[in-house]
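In what follows, chains are A, B, ... by sequence order, proteins preceding strands, each numbered from 1. None of the values given here were measured: they were computed from a predicted structure.
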Number of protein chains: 2
Amino acid sequence: MSTPPGRRRGPSKGDRRERAILETARALLARKPLADITIDELAAGAEISRSSFYFYFDSKLSVLVALLHGMAGELGRDAGPWLDGAGPDTTALREALIPLARLWREHGRMLAGALAAAPGCPPLAQWRERLRAAHVDRLAARITRDRAAGLAPDGPEPRVLAGLIDDLRTAALAGSADPEALVDDLVTVELRMIYGDFGDHHPAG
Amino acid sequence: MSTPPGRRRGPSKGDRRERAILETARALLARKPLADITIDELAAGAEISRSSFYFYFDSKLSVLVALLHGMAGELGRDAGPWLDGAGPDTTALREALIPLARLWREHGRMLAGALAAAPGCPPLAQWRERLRAAHVDRLAARITRDRAAGLAPDGPEPRVLAGLIDDLRTAALAGSADPEALVDDLVTVELRMIYGDFGDHHPAG
DNA sequence: TTACTTCTCGACAGTACGTCGATAAACTCG
DNA sequence: CGAGTTTATCGACGTACTGTCGAGAAGTAA
């Protein structure tokens, strides 16, 4: 359910087909959930027969996983300054959230679909877990540092708090029709979760 | 997909069958997601044939919806003191969260499954929306009152903030293996989201 | 050409869904 | 009781989608 079955290597024509399947999937996922997409549609989009589809992927879930992996890098981009910094750095947090929100605007249906399908499909669950862990680990470390430095008040276990922040972020972005409009509010709220209102003043209405 | 097809009224034997289906569904949903449950299983659990199932419900989603409606009341119970009160009332918030967490411990799989299936099934989406609206409306009003009274700092639009809190709560409870262990941390974090650290001190490690 | 890998497809088998019409069981009321 | 109606049950059917198999067409290279 996760590794391609037939192909070996070679930059040949079947590659274009594989791309076409991925492209078709991306297009369809922007309009409807995975469950409503049939292998026929995917195959038709790549101009091959349904059976041929199975030469490239072993299920539509594999297609989604491939799509998601292709996007893995983008999801954590620009988070460095915030996650590796210290104190209630509004700007850094915002700079981390903006590209994330953009990604959610562009691929929201796909990401939300993947998240919803994750419990019940190990490879998807693993993908989500990895992403979450990457965020939580670094954020928890940051919280620990800030508390030690007296920059943040005591509170929930850093890892738990970081988990709550990740949950909030994901749920909010997944649920919103206009994720980018949420950025400023998310900044405020995430900072409050960590710092109380240490030096925080709401940036924009 | 949402209203029963055949039955009229009368406290007769078919009622027991309907109950049996609901019971079976509840039991199965505790172990696996809706997608992995077949009508056959539901029918077998109620000791009727697959076709007979359709006399009672028109799909397994309808069963889930019925189950959910039967639980609608419990979900908002004990939230009154918190939602109708004022200021960072740790106790009231905790009293609201405890029964909620208990419910999530007992029926977490079912609730999480319903949430995951909601986008893609109007009746479920509606159910979720109603629940969310009920919470958000009252909480937003509370935030507005508290700000007017100088009890809470300014921040995101009350409705937006309330929405974020609802998202956080739901996502956190849905994702946790032990929701009740999360209550104290949720209390801390929700209060911080609304009040910054106005008078808040973390209750328990 | 031959020999090989890459790619394609039709045909098949399996599973689950939802509908229909025939009929059985249970109630109702004369 | 027994005729009529509602309530409940089921088998058979048609449909949609999934995934596999094996035959073989293209492409590539000696």
Side-chain angles (χ1 to χ4, degrees), chain A residues 1-25 28-29 31-66 113 117 120-124, chain B residues 1-25 28-29 31-66 113 117 120-124:
Chain A
M1 195 181 271
S2 51
T3 39
R7 325 227 11 257
R8 298 296 147 84
R9 52 174 41 260
S12 31
K13 141 194 181 183
D15 281 353
R16 250 171 300 136
R17 292 298 164 94
E18 188 169 331
R19 292 288 184 87
I21 294 175
L22 261 352
E23 258 326 297
T24 307
L28 289 178
L29 280 168
R31 294 198 291 101
K32 51 180 173 180
L34 188 68
D36 291 7
I37 295 175
T38 77
I39 310 254
D40 267 312
E41 292 177 278
L42 260 18
E47 300 179 291
I48 53 180
S49 78
R50 200 177 61 84
S51 342
S52 287
F53 168 90
Y54 289 99
F55 183 76
Y56 296 98
F57 296 95
D58 35 10
S59 76
K60 49 184 174 176
L61 265 164
S62 300
V63 178
L64 181 56
V65 171
C121 173
L124 280 186
Chain B
M1 197 181 271
S2 52
T3 39
R7 325 222 17 254
R8 296 296 145 83
R9 49 175 43 259
S12 32
K13 143 194 180 183
D15 282 354
R16 249 172 301 134
R17 290 300 164 90
E18 188 169 331
R19 292 290 184 83
I21 294 175
L22 261 351
E23 257 326 297
T24 308
L28 288 178
L29 281 167
R31 294 198 290 100
K32 51 178 171 180
L34 188 67
D36 291 6
I37 296 175
T38 78
I39 310 254
D40 267 310
E41 291 176 280
L42 259 18
E47 299 179 291
I48 54 181
S49 76
R50 200 175 62 84
S51 343
S52 287
F53 167 91
Y54 289 100
F55 183 76
Y56 296 98
F57 297 95
D58 33 9
S59 74
K60 49 183 175 178
L61 265 164
S62 300
V63 179
L64 181 56
V65 171
C121 173
L124 281 186

Taking 4.0 Å as the cut-off, does a side-chain nitrogen or oxygen of B:Arg17 come that near to OP1 or OP2 on D:dT9?
yes
Grab the CD1-P distance between B:Ile39 and D:dG11 for me, whole Å please.
16 Å
What is the distance, to the nearest angstrom, from the CD1 atom on A:Ile21 to the C1' atom on C:dT8?
12 Å
Does the side chain to side chain contact (heavy atoms under 4.5 Å, CB included) test come out yes or no for A:Ile48 and A:Phe55, once each step is laid out?
CA-CA 10 Å; A:Ile48 53 180; A:Phe55 183 76; over 6 Å; no
One pair to check against side chain to side chain contact (heavy atoms under 4.5 Å, CB included): A:Phe57 and A:Ile39. What are the steps and the verdict?
CA-CA 10 Å; A:Phe57 296 95; A:Ile39 310 254; over 6 Å; no
For C:dC9, does OP1 or OP2 lie under 4.0 Å from any side-chain N or O of A:Ser49?
yes
Smallest heavy-atom separation, B:Ala46 atom then B:Arg17 atom, equals O-CD, 3.6 Å
Nearest whole angstrom, please: distance from the P of C:dG18 to the NZ of B:Lys60.
8 Å
With a 4.0 Å cut-off on heavy atoms, is B:Ser52 in touch with a base, just the backbone sugar-phosphate, or nothing at all?
base
Interatomic distance, A:Phe53 CZ vs C:dG10 C1' [rounded to whole Å]:
18 Å
Separation of C:dC7 atom C1' from A:Tyr54 atom OH, nearest Å, is 17 Å
Can you tell me how far P of C:dG10 sits from CD1 of A:Ile48, to the nearest Å?
12 Å
Length of the line joining A:Arg50:CZ and D:dC21:P, which is rounded to integer Å
14 Å
Name the closest nucleotide to the B:Ser51 side chain, picking from D:dG11, C:dC7, D:dC17.
D:dG11
Rounded to the nearest angstrom, tell me the gap between atom CG in A:Asp40 and atom P in D:dG19.
12 Å
Audit row: A:Thr24, A:Glu41, side chain to side chain contact (heavy atoms under 4.5 Å, CB included) steps and yes/no:
CA-CA 8 Å; A:Thr24 307; A:Glu41 292 177 278; 5.9 Å; no
